[in-house]
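Let me begin by presenting the structure, written as structure tokens, before commenting on it.
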Amino acid sequence: MEYNFKEIESNWQTYWAKHKTFAAKDGGDKPKYYVLDMFPYPSGAGLHVGHPLGYIASDIVSRYKRHKGFNVLHPMGYDSFGLPAEQYAIQTGQHPKITTENNIAVYRKQLDKIGFSFDWDREVRTSNPEYYKWTQWIFIQIFNSWYNKSTNKAEPIETLIKVFETKGFNCKLDDTLTGDIEKDLEPFTGEEWKAFDEKKKSDILMNFRLAYLGESVVNWCPALGTVLANDEIKDGVSERGGHPVERKLMKQWSMRITAYAQRLLDGLDALDWTDSLKEAQRNWIGKSEGTSLKFTIHSSDKTIEVFTTRPDTVFGVSFVTLAPEHELVESLTTADNKATVEAYVTQAKNRSERERQADINKITGVFTGSYVDHPFTGKQVPIWIGDYVLAGYGTGAVMAVPAHDSRDYSFAKHFGLPILEVVKGGDLEKESYDAKEGTLVNSDFLNGLEVKNAVKLAIQEIEIHNLGKGKVNFRLRDAVFGRQRYWGEPIPIYYKNDIPYALAENELPLVLPEVDKYLPTEDGEPPLARASSSWKYKGEFDYEHSTMPGWAGSSWYFLRYMDAHNGSVFADKKLTDYWQQVDLYIGGSEHATGHLLYVRFWTKFLKDLGYIDIEEPAKKLINQGMIQGRSNFVYRVNGTNKFVSTGLKKDYETSALNVDINIVNNDVLDVEAFKKWREDFKNAEFILEDGKYVCGFEVEKMSKSKFNVQTPDDIAEKFGSDTLRLYEMFLGPLEQSKPWNTNGITGVHGFLKKLWRLFYSPLPGGEGQGEGINVVDAEPTKSELKTLHKTIKKITEDIERFSFNTSISNFMICVNELTDAKCNKRAILEPLLICLSPYAPHIAEELWKQLGHTESISTVAFPDFNEAHLVDDSINYPVSVNGKLKFTLELPATLTAQEVETEVMNNEQTKKLLEGKQPKKVIVVHKKIVNMVV
RNA sequence: GCCCCGGUGGUGGAAUUGGUAGACACGCAGGACUUAAAAUCCUGUGUCUUCGCGGACGUACGGGUUCAAGUCCCGUCUGGGGUACCA
């Protein structure tokens with residue numbers, strides 16, 4: 001009987017769907033295990049071979065954990081709001097909903113074909129009103145909350161209002177309250193608060209709400225008519241479409257993620273995520289400790305506040321630089337300099353991101369004509385304007401210490417400003433000395449101190465003289481939350497008398513209205529402004545017209561899977577308490593500073609308000625690598641229709657052409673297929689090497705135009721999805737990026753065929769047994785047991801450490817050994833099938849059934865290995881054990897175990913190393929190598 | 001520039017805590033079966049040297065620690081990813 005994967009696979013996929021084999025139960029005695037994949041955006045191109053890489057890995061773990069007795073939750077869904085469907089709608093007029101549904105249908109079909117053990121009853125789609133009702137609900141909770149610094153968590157806004165009513169507010173005194181207090185909110189008393197009108201109260205509270213409407217500089221893309229996040233911009237143009245992006249001040253909905261900066265940073269330590277990913281988040285949050293410091297403007301009582309991490313270098317300040325957008329620029333500019341300064345500021349403002357990128361090394365700046373007094377020396381220090389200072393970070397002003405900061409150094413060199421050395425150790429003729437070590441000089445009371453101590457003393461002095469305060473700054477910015485787009489969740493806000501109000505819970509969902517066109521209106525309003533005039537709150541008040549960004553729906557979806565159909569809460573507390581954190585999360589590293597930060601933020605927020613009990617969404621996270629395309633090339637001899645094989649091309653003048661990888665096998669071109677591929681190659685001639693045409697190759701991104709796109713469907717069609725699953729895992733370590741190539745696919749496919757033959761071969765029973773499985777109940781031999789238990793042990797360890805490629809090697813070794821031993825014994829083959837079933841579930845199920853079992857193999861317990869079967873007869877020691885003292889001895893290979901021990905103990909080298917101590921254990925790893933625990 | 005991760009045969013990659021480097025697979029070469037092909041099976045395959053037994057070298061490069069280094073330490077080269085004037 002042949003291995004007929006097509007029939008087997010479709011039969012079992014039908015069986016699993018019909019019996020709901022993988023439905024997760026909410027509760028029970030078994031321990032829970034939650035395996036989550038980052039859900040895909042259903043694009044029009046369908047699934048390519050890169051998608052399933054992570055899904056296969058998570059599916060292996062899910063199936064393994066089920067065998068191991070866990071109650072496994074392994075769901076899948078779609079991140080179905082997004083720009084491509086909207087762009088398509090703009091071009092064709094087709095509703096994004098239709099496009100999205102069509103794409104999802106294709107994805108689902110492709111996913112089903114691979115045989116994943118998803119619990120499809122829990123599917124979520126972020127664009128379904130039943131889902132985004134709760135995205136909107138969470139938004140409202142965030143809107144109705146503020147961050148209390150003294151309790152270090154988010155609280156309902158009512159508690160803040162109570163504070164205002166009783167104590168009023170003074171930002172200079174009360175730093176337990178966060179918000180935009182730099183804006184110098186006017187202080188008020190409790191009585192005054194009560195007397196404020198509703199608009200005034202709303203405006204004040206807006207400074208504290210965690211979702212707020214605020215003025216912020218945004219990346220505005222005129223071509224797309226929308227605001228883009230930093231991660232949606234590459235090289236100064238929009239990632240999608242490559243349109244130019246401007247910086248623009250706009251009133252925008254934002255999320256006060258900065259309130260959580262410290263907790264987002266601290267939480268990383270306890271997470272089992274890769275170092276590079278945690279590092280990326282740390283850099284993104286960008287904590288820097290330093291101090292604020294005020295410089296008084298000469299002959300004025302106004303001050304300029306700067307932030308510095310190097311207060312120790314304060315005596316090296318030779319000028320102060322303001323960002324062009326700084327609010328004091330105008331008032332500081334003297335009449336003589338007015339024209340140049342204005343010209344500079346205008347130019348800097350209009351300089352797009354791209355231009356700034358292009359001349360990053362070009363130093364520009366102007367002098368204002370004004371001075372500040374140095375806070376310690378009292379000397380006059382000039383005030384400059386330079387666009388290397390960013391308005392958005394710190395205070396938008398820096399104290400320039402050219403001797404010890406490379407940017408200040410270039411600026412000073414360029415404009416001929418003084419460079420004063422205050423830390424010894426560098427050569428200031430050549431470059432600045434930025435290192436945070438050395439001895440302070442020319443620095444009054446700091447002289448002779450090491451940098452570390454000087455920093456401390458400087459902060460002390462600054463605080464004593466009331467010049468500033470030790471301070472922590474974060475690079476992390478609040479996240480802009482509004483998008484001027486159609487295909488997203490409507491923000492559940494309406495405006496009455498110019499005051500924004502949140503919808504009540506029973507008014508949700510606020511359903512996305514129909515529009516005639518998906519473009520912004522002529523006067524720049526978002527597409528939702530095109531909705532019919534009846535789309536108003538209570539028929540009267542305007543709704544917010546912007547929609548939520550792509551990351552909104554994905555910031556809490558892991559919770560919805562726990563209770564996917566609940567109409568009365570986002571997820572029942574009982575269920576979130578049961579399922580807790582995601583135990584294993586698998587997805588791409590491109591989400592390091594986007595999705596993975598936002599989902600942590602929302603999780604912490606929901607915990608603060610008591611809706612869930614976990615602080616972090618995912619305990620362990622693995623980034624699967626990217627799969628690149630592997631293109632093939634043919635080389636046409638210039639000016640002819642002759643093609644030369646790659647090994648001989650150096651003898652000719654050639655040009656390379658991409659060739660369809662489907663007519664190339666292991667880099668060998670199917671010459672006849674090539675002639676048929678394109679009309680102009682009909683009469684092609686070939687210069688062959690060894691009778692073959694060998695193509696060149698290159699690793700590139702997968703793309704239609706390079707003819708190198710591999711869909712999983714082709715492989716599944718040709719070899720079956722068990723082969724696809726094995727092969728994707730066999731390609732290399734999960735986390736590594738690698739080019740896709742099918743060169744080795746015959747290897748894993750051959751393995752499955754070999755396995756099949758193990759069950760069907762006419763072994764001991766003799767020839768002519770006819771159709772039917774040929775497995776016997778005989779007692780296994782010692783060496784057969786060793787093969788099996790060795791394999792179980794390795795597979796178990798491999799899965800536990802996510803090393804799927806090596807486990808497949810171990811299966812191959814096992815099957816090779818059993819084939820050599822002509823072993824067809826039930827006691828060996830059955831446990832082996834169970835081990836294999838997470839990897840190649842269809843064939844495992846089929847053979848399991850053929851062996852006479854009626855239940856699905858996925859319900860069977862994973863076999864345990866027995867250490868006793870692993871012991872080698874010739875050496876009576878465990879094969880490897882932890883040993884502190886390890887050394888090599890040259891011993892004759894013929895010794896028995898007892899003789900080895902005697903020989904080891906009598907050996908001169910051993911005696912020397914032991915120094916008279918008695919070893920607790922002697923382990924012979926190999927006949928030559930001895931490990932001892934002393 | 002800064003941060004992170006890598007560099008092992010012709011190829012993808014093994015080597016879990018420092019302990020027989022190159023498992024497993026691809027490719028290649030030779031052979032068996034076959035009229036032939038496909039499929040399948042067997043043998044060989046790091047480099048140099050040797051008829052052979054064997055020997056020497058070998059994990060990017062240069063040093064070091066150790067009885068023992070792909071693995072640890074220092075320096076150099078190099079590939080990939082992240083980030084970008086963050087004071």
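Computed from heavy atoms alone, side chains included, the values below leave out hydrogens, waters and symmetry copies.
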Atom-pair distance ([atom1] on [X]; [atom2] on [N]), nearest Å:
{"X": "A:Lys822", "N": "B:C41", "atom1": "NZ", "atom2": "P", "answer": "12 Å"}
{"X": "A:Met626", "N": "B:C5", "atom1": "CE", "atom2": "P", "answer": "19 Å"}
{"X": "A:Asn283", "N": "B:C85", "atom1": "CG", "atom2": "P", "answer": "14 Å"}
{"X": "A:Trp756", "N": "B:U40", "atom1": "CH2", "atom2": "C1'", "answer": "18 Å"}
{"X": "A:Glu289", "N": "B:A87", "atom1": "CD", "atom2": "P", "answer": "12 Å"}
{"X": "A:Lys793", "N": "B:U16", "atom1": "NZ", "atom2": "P", "answer": "13 Å"}
{"X": "A:Ile745", "N": "B:G27", "atom1": "CD1", "atom2": "C1'", "answer": "16 Å"}
{"X": "A:Trp740", "N": "B:G13", "atom1": "CH2", "atom2": "P", "answer": "14 Å"}

### Query
How should the glycosidic conformation of B:G31 be described, syn or anti, under the criterion that syn lies within 90° of 0?
anti
Would you indicate which nucleotide in [options] comes nearest to any side-chain atom of [X]?
{"X": "A:Ile813", "options": "B:A87, B:A23, B:U83", "result": "B:A23"}
{"X": "A:Trp284", "options": "B:C85, B:A84, B:A87", "result": "B:A84"}
{"X": "A:Ser288", "options": "B:U83, B:A87, B:C85", "result": "B:A87"}
{"X": "A:Arg801", "options": "B:C26, B:U16, B:A14", "result": "B:U16"}
{"X": "A:Ala280", "options": "B:C24, B:U16, B:G82", "result": "B:G82"}
{"X": "A:Arg475", "options": "B:U83, B:G13, B:U40", "result": "B:U83"}
{"X": "A:Thr746", "options": "B:A15, B:C26, B:A25", "result": "B:C26"}
{"X": "A:Met812", "options": "B:A87, B:U83, B:C24", "result": "B:C24"}
{"X": "A:Asp820", "options": "B:C42, B:A84, B:C4", "result": "B:C42"}
{"X": "A:Arg757", "options": "B:A87, B:C41, B:C3", "result": "B:C41"}

Span that lies between the [atom1] atom of [M] and that of [N], in whole angstrom:
{"N": "B:U66", "M": "B:U16", "atom1": "P", "result": "24 Å"}
{"N": "B:U8", "M": "B:C57", "atom1": "C1'", "result": "15 Å"}
{"N": "B:A69", "M": "B:U20", "atom1": "C1'", "result": "14 Å"}
{"N": "B:U45", "M": "B:A25", "atom1": "C1'", "result": "14 Å"}
{"N": "B:G75", "M": "B:C26", "atom1": "C1'", "result": "38 Å"}
{"N": "B:G30", "M": "B:G80", "atom1": "C1'", "result": "40 Å"}
{"N": "B:G12", "M": "B:A60", "atom1": "P", "result": "14 Å"}
{"N": "B:G63", "M": "B:G70", "atom1": "P", "result": "15 Å"}

Which is true for [X] with a 4.0 Å heavy-atom rule: it touches a base, it touches only sugar-phosphate, or it touches nothing?
{"X": "A:Asn816", "answer": "sugar-phosphate"}
{"X": "A:Phe730", "answer": "base"}
{"X": "A:Lys287", "answer": "nothing"}
{"X": "A:Glu797", "answer": "base"}
{"X": "A:Asp408", "answer": "nothing"}
{"X": "A:Ser809", "answer": "base"}

### Task
Please examine the side chains of A:Val61 and A:Phe804, heavy atoms only from C-beta on, and report whether any two atoms are closer than 4.5 Å.
yes
Suppose we define a pair by two distances each less than 3.5 Å, Watson-Crick or G-U wobble; what does [N] pair with here?
{"N": "B:A38", "value": "none"}
{"N": "B:C48", "value": "B:G55"}
{"N": "B:U76", "value": "B:A60"}
{"N": "B:A29", "value": "B:U43"}
{"N": "B:G12", "value": "B:C24"}
{"N": "B:A84", "value": "none"}

### Message
Between the side chains of A:Arg282 and A:Asp275, is the shortest nitrogen-to-carboxylate-oxygen separation below 4.0 Å, so that they form an ion pair?
### Response
no
### Task
Select from A:Ala391 and A:Asp275 the residue whose nearest nucleotide in RNA chain B is closer to the 5' end of that strand.
A:Asp275
### Query
Start at the 5' end of RNA chain B and walk down; is the nucleotide closest to A:Ile808 or to A:Lys794 reached first?
A:Lys794
Taking 4.0 Å as the cut-off, does a side-chain nitrogen or oxygen of [X] come that near to OP1 or OP2 on [N]?
{"X": "A:Tyr388", "N": "B:A87", "answer": "no"}
{"X": "A:Asn805", "N": "B:A14", "answer": "yes"}
{"X": "A:Lys753", "N": "B:A39", "answer": "no"}
{"X": "A:Gln736", "N": "B:G13", "answer": "yes"}

### Side-chain (A:Gln281) to main-chain (A:Leu265) donor-acceptor, under 3.5 angstrom
no
#### Entry: Side-chain donor or acceptor of A:Asn805 paired with backbone N/O of A:Met729 under 3.5 Å
no
### Task
Just say parallel, tilted or perpendicular for the rings of A:Tyr727 and A:Trp740, cut-offs at 30° and 60°.
perpendicular
### Task
Name the orientation class of the two ring planes belonging to A:Phe415 and A:Phe411 (parallel below 30°, tilted from 30 to 60°, perpendicular beyond 60°).
tilted
### Task
May I have the step-by-step check of side-chain contact (heavy atoms from CB on, under 4.5 Å) for A:Cys814 and A:Leu832, ending in yes or no?
CA-CA 9 Å; A:Cys814 180; A:Leu832 181 66; 3.7 Å; yes
### Query
Hey, is CD on A:Gln262 packed in by over 12 heavy atoms from elsewhere, all under 6.0 Å?
yes
### Query
A:Glu431 and A:Tyr409: which non-hydrogen atoms are nearest, and at how many Å?
N-OH, 3.5 Å
